[in-house]
Visitor: 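Structure in structure tokens, see below.
Residue numbering restarts at 1 for every chain, and letters A, B, ... go by the order of the sequence lines. Since we're looking at a predicted model, the values are computed, not measured. Both backbone and side-chain heavy atoms feed into the values below; hydrogens, waters and symmetry mates do not.
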2 protein chains.
Amino acid sequence: MTVTLADVAARARVSAATVSRVLSGNYPVAERTRGRVLRAVEELEYVVNGPASALAAASSDLVGILVNDLADPFFGIIAGAVQGELSGAAGPGGEKLAVVCSTGGSPERELRYLTLLQRQRAAAVVLTGSASEDPEHARALAAKLARLSGAGTRVVLCGRPAQPASPAAEPPATLTTLAFDNRGGAQRLTAHLVALGHRRIGCAAGPAGRTTTGERVAGHRAALAAGGIADAPHRTVHGAYDRASGYDAAVELLRRDAGLTAIVAANDAVALGACAALRDRGLRVPEDLSVAGFDDLPFSADAAPALTTVRLPLEEAGARAGRLATGREERPPGGLATLRAELLVRASTSVAYP
Amino acid sequence: MTVTLADVAARARVSAATVSRVLSGNYPVAERTRGRVLRAVEELEYVVNGPASALAAASSDLVGILVNDLADPFFGIIAGAVQGELSGAAGPGGEKLAVVCSTGGSPERELRYLTLLQRQRAAAVVLTGSASEDPEHARALAAKLARLSGAGTRVVLCGRPAQPASPAAEPPATLTTLAFDNRGGAQRLTAHLVALGHRRIGCAAGPAGRTTTGERVAGHRAALAAGGIADAPHRTVHGAYDRASGYDAAVELLRRDAGLTAIVAANDAVALGACAALRDRGLRVPEDLSVAGFDDLPFSADAAPALTTVRLPLEEAGARAGRLATGREERPPGGLATLRAELLVRASTSVAYP
DNA sequence: AACGGGACAGCAAGCGCTTTCTGTCGTGAG
DNA sequence: CTCACGACAGAAAGCGCTTGCTGTCCCGTT
């Protein structure tokens, strides 16, 4: 029923070996022969059997991409950029395919998908977004990544901090980290607010126990401290990285301290949710309260008011990750690069009117 | 170096056949034996070789998802929903992996990715978003899909109209279409504008030659006709489905007819771009011009002003596509289902003030 | 004219797993 | 007590492709 290499070989009157070599193109084949083979391939509409060649060659052209949530533009942009680089410049091994896995932030699913990718003998794996801070999972993850690395799978951490150094040795040469300067960005953002005279700033943070949340909150705290503002734990609430959580967070923050003059959110969606909550309670942004987001997703500029936020080079990060995954880019020294986070002041923040 | 089935078999003191059967679980194996095998698997940290089993079993657990642009939430939401269903309820064949391919709207790349997926012997393929209207490509695509179908790959068209019936016969039983009622939605949207008194309505349409664009424009025209408004070709401009195009389109539409009182956009991003253009020229929405979007992506409610748009059941469509792809949902009668498009009136449209 | 060597093409041995067909027990029925 | 049969487990034949090793042929050298 289905056409195989042997069929093509028969039609082209050559051996299967020759056909294979023509198709993979890494062995001298006479021009005449090549032509005959190619014609046979055309005529028979032959399509290589991927699994078979993966088995024989002990390599596959699948690249795994782990994301929290594909529907979130933050991850969509990164995944899209990674994928874009996989098809570009069909370097060694030709076209790669992106296997996208949504973990929903669950460490278990993260591990499970990694096993699935390991099973597929993926050529590379890109882990995006924040990681769990649970030491047990961190250990399990490190072990898994080490095993993948050991099997020749390239591993790229994109938008998450470097794996905590394993007790044994430094990260393997096939593990690269592309981190975002979440801490610095958050710090500059809160410093901006402080400079505008804000003293009572609420923090609608992301889910507890995740590296990104931790980093952003740390930056926020650092800026407060630098401004001589006492730490007020009750001014921070945790929630998911979505709009609904932002709404709830704003309500809760205001309940705890009605005198807040600003809110920094975990990301843009949360900020928009917070804005909606404020609007519903008759508060104006930024006249009554300033609100700031994080990430600078495309829609944040069109929001009302346009969101002050921190721009992360999502696209660049994804593209680099894709190139690293296909071995088309030199890994940075030490296997770690930190990407800048740039403060973007727009209309949602202004001086504090106490 | 790497652990194989044989290693596990040796350790469990059984044959490779038995191990395989324990792992795939579709053949009686005594409880004691099974236990021994499972333990050996644990101890050796054995992970099946995907390509090898795919080859032997002539089946893979890869499902292809073709999208225009992963970074666009429209596709991110659909792809995420499809993917979500792949892991859910590990039915026959267990966990499936999603291979996401961005075609960028290029029919060539669409075809190329389909070949790549065919090469991987994908279990199913989901094509999302609009299709090219070029008859030649339509034919090539139909042929490709027929070949995939013939090879047992399930094919789901999600958010695009049914393939034009091939001259030969009706679509194969493994081809299902989940279409959006773009035409109806667009018609209701423009009718809403007409009812508000608008007579000079600009249309910032999507790229020419794509089914979605065609359907939405057709709906728009139908509503105009129903309202007794003469067709004015110069009031329609085509562009990409992004914000920048929306900006340009608005500028161009206004240049052609400064008396426009409303603009219907190809989608929400285009609408937001148009709003930005109007804002830049000192025009207020909706006081000076009404603007409407399409799709109802999450951010459109937070825009300024909140966008009147047409809600498409993206999530539902993706989820159904995922279930159809894994054979977990009965295909609708005739292999075609059309999903409702619901008009959502918000703040960006109001009565026309001539 | 004999020979060394380059340039191709083919043989055949796997790659690691699935599955059909056999074989071996243990047990209930006769 | 014997026979038939159900319930497992194993042997072995591929699945379709890659690749190291062998040829074979033809050409340039000496």
Visitor: Go through the structure and list residues passing side chain to side chain donor-acceptor pair (under 3.5 Å) with B:Thr2, not counting sequence neighbours.
Guide: none

Visitor: Hey, which of these two, B:Ala52 or A:Leu23, hits DNA chain D nearer its 5' end, going by closest nucleotide?
Guide: B:Ala52

Visitor: Excluding sequence neighbours, so at least two apart, what forms side chain to side chain contact (heavy atoms under 4.5 Å, CB included) with A:Arg323?
Guide: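 Once residues adjacent in sequence are excluded, the partners of A:Arg323 under the side chain to side chain contact (heavy atoms under 4.5 Å, CB included) criterion are A:Glu85, A:Ala319, A:Arg320, A:Arg328, A:Glu329.
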
Visitor: Could you tell me which residues satisfy salt bridge (Lys or Arg N to Asp or Glu O under 4.0 Å) with B:Glu45, sequence neighbours excluded, listed by chain and number?
Guide: A:Arg147

Visitor: Quick check on DNA chain D: between B:Pro28 and B:Ala57, whose nearest nucleotide comes earlier from the 5' end?
Guide: B:Pro28

Visitor: Once side chain to side chain donor-acceptor pair (under 3.5 Å) is applied, do any residues pair with B:Thr115, and if so which ones, sequence neighbours excluded?
Guide: B:Lys144

Visitor: B:Ser130: which residues meet the side chain to side chain donor-acceptor pair (under 3.5 Å) condition with it, sequence neighbours left out?
Guide: B:Arg210

Visitor: Between B:Asn49 (CG) and D:dC15 (P), how many Å, whole number?
Guide: 18 Å

Visitor: Quick one: side chain to side chain contact (heavy atoms under 4.5 Å, CB included) partners of A:Thr128, sequence neighbours excluded?
Guide: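 Expected list: A:Ile65, A:Val67, A:Phe75, A:Ile78, A:Val126, A:Cys158.
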
Visitor: Any residue in residues 29-36 of chain B with a heavy atom nearer than 4.0 angstrom to DNA chain D? Just list them by number, or reply none.
Guide: B:Val29, B:Ala30, B:Thr33

Visitor: Taking atom types as modelled, is there a side-chain donor on A:Thr103 or A:Ser106 under 3.5 Å from an acceptor on the other?
Guide: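 Absent: no donor and acceptor within the cut-off.
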
Visitor: Could you give all pairs that pass the salt bridge (charged side-chain N to carboxylate O under 4.0 Å, His left out) test and reach residues 109-119 of chain A, with sequence neighbours left out?
Guide: A:Glu110-A:Arg160, A:Arg112-B:Glu95

Visitor: Name every residue in residues 2-20 of chain B that has at least one heavy atom under 4.0 Å from any atom of DNA chain C, in order of residue number, or write none if there are no such residues.
Guide: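 Residues of residues 2-20 of chain B under 4.0 Å from DNA chain C: B:Thr4, B:Leu5, B:Ala17, B:Ser20.
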
Visitor: Check whether the side chain of B:Tyr27 and the base of D:dA7 form a donor-acceptor pair under 3.5 Å.
Guide: no

Visitor: Going by side-chain hydrogen bond (donor to acceptor under 3.5 Å, both in side chains), name the pairs with one or both residues in residues 20-38 of chain B, residues two or more places apart or in two chains.
Guide: B:Ser24-B:Asn26

Visitor: With a 4.0 Å heavy-atom cut-off, tell me which residues in residues 113-121 of chain A come close to DNA chain C, sorted by residue number.
Guide: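 Heavy-atom cutoff 4.0 Å gives no residues at all.
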
Visitor: Please give, in whole Å, the distance from C:dG16 P to B:Leu55 CG?
Guide: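 The distance from CG of B:Leu55 to P of C:dG16 comes to 12 Å, rounded to the nearest Å.
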
Visitor: With sequence neighbours excluded, tell me which residues meet side chain to side chain contact (heavy atoms under 4.5 Å, CB included) with A:Ala56.
Guide: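 If we apply the side chain to side chain contact (heavy atoms under 4.5 Å, CB included) test to A:Ala56, skipping adjacent residues, there are no hits.
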
Visitor: Using atom types as modelled and distance alone, determine if a side-chain donor or acceptor of B:Arg331 lies under 3.5 Å from a backbone N or O of B:Leu175.
Guide: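 Yes: the side chain of B:Arg331 pairs with the backbone of B:Leu175.
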
Visitor: Can you work out whether B:Val48 or B:Arg21 has the more 5'-proximal nearest nucleotide on DNA chain C?
Guide: B:Val48

